[in-house]
**Q** 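Pasting a structure below so you can have a look.
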There are 2 protein chains.
Amino acid sequence: MVGDLALPSIDPASDRAVFKQISDHLRHAIETGSLAPGDKVPSESRLIAHYGVARMTIRQALRELQSEGLTVAEHGRGVFVRSRPPVRRLASDRFARRHRDQGKAAFIAEVEGTGGKPSVDSIKVEEAEAPEFVRTRLGLAAGERVIVRSRRYLIDGHPVETAVSFVPAEIARESPIVMVDSGPGGIYARLEEMGYRLDHFDEEIRSRMPVRDEVRALKLPPGVPVFHLVRTAFAAGGRAVEVCDTVLSSDAYVLSYQLPAR
Amino acid sequence: MVGDLALPSIDPASDRAVFKQISDHLRHAIETGSLAPGDKVPSESRLIAHYGVARMTIRQALRELQSEGLTVAEHGRGVFVRSRPPVRRLASDRFARRHRDQGKAAFIAEVEGTGGKPSVDSIKVEEAEAPEFVRTRLGLAAGERVIVRSRRYLIDGHPVETAVSFVPAEIARESPIVMVDSGPGGIYARLEEMGYRLDHFDEEIRSRMPVRDEVRALKLPPGVPVFHLVRTAFAAGGRAVEVCDTVLSSDAYVLSYQLPAR
DNA sequence: CAGTGGTCTAGACCACGCG
DNA sequence: GCGTGGTCTAGACCACTGG
């Protein structure tokens with residue numbers, strides 16, 4: 001017993017590493033609800049006393065849970081069972097024209113609808129050579145240039161998404177797309193005004209662990225992967241007119257798509 | 001210099017933890033290509049000699065890279081920069097009827113098309129009470145029963161996906177759906193033969209770190225998250241007739257969807 | 001066999017939070 | 001000030017890989 005929590009002892013006969021036995025005990029307690037979301041996991045010193053092992057052994061067990069996303073450590077306070085934050089659902093119709101026509105960008109309209117306060121920061125616009133993954137999607141030759149719009153999206157001040165859009169310079173130059181404020185409805189609205197009537201989007205989804213810069217930009221706790229989306233916008237006639245590269249915190253999002261059976 | 005690799009020294013004036021400075025150096029080498037996929041990272045003893053720190057400090061730096069999915073450790077051989085395995089693309093039309101009509105299940109047809117050898121194992125069929133997330137999606141009352149089909153998919157002997165399907169017992173009982181071999185075209189073909197003409201699917205996508213059982217079932221290396229998909233099949237008329245809960249290794253998959261602009 | 005990573009010990013000092 | 005987790009040291013023995 002550690003506090004109110006019943007924890008078994010180490011089985012010295014087992015082949016399983018001691019720290020794994022310990023993390024198994026704690027994981028079981030979390031999965032069965034003996035340790036509920038928000039609960040404090042017994043402190044390192046309590047676990048050392050209970051199991052009679054070195055501190056590094058306990059820390060290795062705790063790190064395993066943290067890397068599975070089951071717990072978060074708070075310096076000076078303790079280790080806690082992670083409580084899942086409210087999630088945002090990204091539906092596959094989120095770029096439908098009926099939403100865009102309200103004059104709001106997709107993100108703003110959607111977050112306001114759920115009662116949150118959306119904001120956007122770190123907006124940067126520049127012109128550059130198109131990177132290779134953008135060239136292949138936009139059908140550009142090596143050396144061709146694009147307008148690059150970067151920004152970060154926040155809900156109630158918490159960062160949830162970074163995004164970088166690429167539009168062929170030939171299309172975007174001399175248009176509001178190169179302004180920091182691209183105007184009501186965002187760049188998709190601007191593209192349609194310029195005669196590129198949008199037909200559909202292709203979205204590719206990957207999942208992986210974040211690298212250091214992404215951990216910082218999205219303030220990610222350890223053990224949380226990211227969604228990496230690359231979306232290509234196609235105009236009627238089949239021309240690709242934009243590529244958007246976005247990174248989402250996976251524990252703030254559920255993606256939702258509709259698939260045809262026909 | 002460590003072997004052919006140029007590595008900076010620790011900056012003792014920096015606030016940044018020593019092990020993080022070391023992992024920064026190695027991450028930079030990986031991102032710039034000085035350490036290419038498949039390359040061996042300098043061994044712990046070499047890094048200890050180069051940096052003049054304790055072994056645990058080096059190991060902490062290496063663990064950081066591993067938890068980001070950038071490297072894999074092989075006991076007795078060394079630590080290597082991970083080379084991405086060939087990925088399988090899941091397109092949003094993969095359940096279209098034109099594919100199903102070939103008489104093959106979606107997975108088999110698709111993998112054979114790419115030259116791999118598909119297989120399925122761990123097939124289990126049982127009847128049980130529907131869990132809550134299935135009830136809400138199928139519109140069932142508490143206590144109602146479902147046929148549960150579990151299986152694991154492999155390509156060339158490597159596990160890539162586990163899946164569990166739930167079909168209302170009222171529909172599936174007395175049909176081939178309850179057999180281990182559900183017949184050509186899989187259960188979607190059976191449902192259509194029974195008069196449930198499929199209309200569309202809703203697919204929800206989450207990403208998270210795997211728990212222990214998933215690591216084992218999919219033979220996942222550390223630092224690799226999973227996609228967790230929950231797909232609901234709707235028949236014409238709007239009735240939900242199946243829920244499928246699947247877990248995919250994220251580094252074997254890219255998901256791909258088409259979004260309407262209308 | 002030598003070299004590698006995997007586990008574990010028993011200490012130390014520090015930075016953070018909270019009362 | 002005390003308890004918490006964060007970092008670091010300097011060893012030890014083990015298991016696996018490869019020549």
Side-chain angles (χ1 to χ4, degrees), chain A residues 2-3 5 9-26 35 38-67 70-82 212 215 221-223, chain B residues 2-3 5 9-26 35 38-67 70-82 212 215 221-223:
Chain A
V2 181
L5 186 67
S9 299
I10 298 300
D11 172 7
S14 167
D15 280 351
R16 194 159 176 77
V18 172
F19 82 89
K20 288 190 180 173
Q21 292 189 44
I22 296 174
S23 65
D24 286 349
H25 298 167
L26 293 170
L35 283 173
D39 281 3
K40 191 171 180 303
V41 173
S43 72
E44 294 180 359
S45 37
R46 277 178 165 284
L47 292 170
I48 290 168
H50 175 77
Y51 285 109
V53 298
R55 185 177 174 211
M56 284 307 295
T57 307
I58 295 295
R59 284 181 64 74
Q60 211 167 341
L62 291 173
R63 190 172 40 238
E64 185 141 295
L65 298 177
Q66 175 152 331
S67 79
L70 296 177
T71 60
V72 274
E74 296 184 32
H75 196 167
R77 299 218 315 130
V79 174
F80 299 85
V81 180
R82 178 177 288 154
R212 213 166 71 68
V215 169
Chain B
V2 180
L5 185 66
S9 299
I10 298 300
D11 172 7
S14 167
D15 280 351
R16 195 159 175 77
V18 172
F19 81 89
K20 289 190 178 173
Q21 292 189 46
I22 296 173
S23 65
D24 286 348
H25 296 166
L26 293 169
L35 283 172
D39 281 1
K40 191 172 180 302
V41 173
S43 74
E44 294 180 0
S45 38
R46 276 177 166 286
L47 291 170
I48 289 167
H50 175 76
Y51 285 110
V53 298
R55 185 175 174 214
M56 284 306 295
T57 306
I58 295 294
R59 283 182 63 75
Q60 210 166 342
L62 291 173
R63 191 172 37 239
E64 186 143 293
L65 298 177
Q66 176 151 332
S67 78
L70 296 176
T71 60
V72 276
E74 296 183 33
H75 195 167
R77 300 217 315 131
V79 174
F80 299 85
V81 179
R82 177 176 290 151
R212 213 166 72 68
V215 169

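We name chains A, B, ... by the order of the sequence lines, and we start the count at 1 in each one.
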**Q** Show the nearest heavy-atom pair for residues Ile10(A) and Pro12(A), with the distance to one decimal.
**A** O-CD, 3.3 Å
**Q** Looking at Asp24(A) and Arg212(B), does any basic side-chain N land under 4.0 Å from a carboxylate oxygen?
**A** yes
**Q** Which atoms of nucleotides 16-19 of chain C (N or O only) lie under 3.5 Å from a protein N or O atom, and what are those distances?
**A**
from: dC18(C); atom 1: OP1; to: Arg77(A); atom 2: NE; distance (Å): 3.2

**Q** Suppose we screen for salt bridge (charged side-chain N to carboxylate O under 4.0 Å, His left out). Which residues come up paired with Arg59(B), at least two apart in sequence or across chains?
**A** Glu44(B)
**Q** Looking only at heavy atoms, which two atoms of Pro222(A) and Arg82(A) are closest? And how far apart?
**A** O-NH2, 3.0 Å
**Q** For dG3(D), does OP1 or OP2 lie under 4.0 Å from any side-chain N or O of Ser43(A)?
**A** no
**Q** Run the side chain to side chain contact (heavy atoms under 4.5 Å, CB included) test against Ala49(B) and tell me which residues pass, sequence neighbours left out.
**A** none
**Q** Is Ser45(B) close enough to dG3(C) that one of its side-chain N or O atoms is under 4.0 Å from OP1 or OP2 there?
**A** no
**Q** Mind checking whether Pro42(B) and His50(B) have side chains closer than 4.5 Å, heavy atoms only?
**A** no
**Q** Heavy atoms, side chains only, cut-off 4.5 Å: are Val41(A) and Val81(A) in contact?
**A** yes
**Q** Find the distance Ile58(A):CD1 to dG6(D):P and express it as a whole number of Å.
**A** 14 Å
**Q** Grab the CD1-P distance between Ile48(A) and dA12(C) for me, whole Å please.
**A** 14 Å
**Q** Which heavy atom in Val72(B) sits nearest to a heavy atom in Pro221(B), and how many Å separate them?
**A** CG1-CB, 4.1 Å
**Q** With a 4.5 Å limit on heavy-atom distance, are the side chains of Leu62(B) and Leu47(B) in contact?
**A** yes
**Q** Using a cut-off of under 3.5 Å, enumerate the N/O to N/O pairs linking the protein to nucleotides 7-9 of chain C.
**A**
from: dT7(C); atom 1: O4; to: Arg55(B); atom 2: NH1; distance (Å): 3.0
from: dC8(C); atom 1: OP1; to: Val18(A); atom 2: N; distance (Å): 2.7
from: dC8(C); atom 1: OP2; to: Phe19(A); atom 2: N; distance (Å): 3.2
from: dT9(C); atom 1: OP2; to: Ala54(A); atom 2: N; distance (Å): 2.8
from: dT9(C); atom 1: OP2; to: Thr57(A); atom 2: OG1; distance (Å): 2.5

**Q** Calculate the interatomic distance between Ile22(A) atom CD1 and dG6(C) atom C1'; express it in whole Å.
**A** 16 Å
**Q** So for the helix from dC1(C)-dG18(D) to dC18(C)-dG1(D), with five pairs setting each end axis, what is the inter-axis angle to 10°?
**A** 20°
**Q** Please report the distance, rounded to the nearest Å, between CZ in Arg63(B) and P in dG6(C).
**A** 10 Å
**Q** Check side chain to side chain contact (heavy atoms under 4.5 Å, CB included) between Glu64(A) and all other residues, then give those that pass, not counting sequence neighbours.
**A** Phe19(A), Lys20(A), Ser23(A), Arg27(A), Glu68(A)
**Q** In whole Å, what is the span from the CD atom of Gln66(A) to the P atom of dG5(D)?
**A** 11 Å
**Q** When rounded to the nearest 0.5 angstrom, what is the spacing between NE2 in His25(A) and CG in Leu35(A)?
**A** 13.0 Å
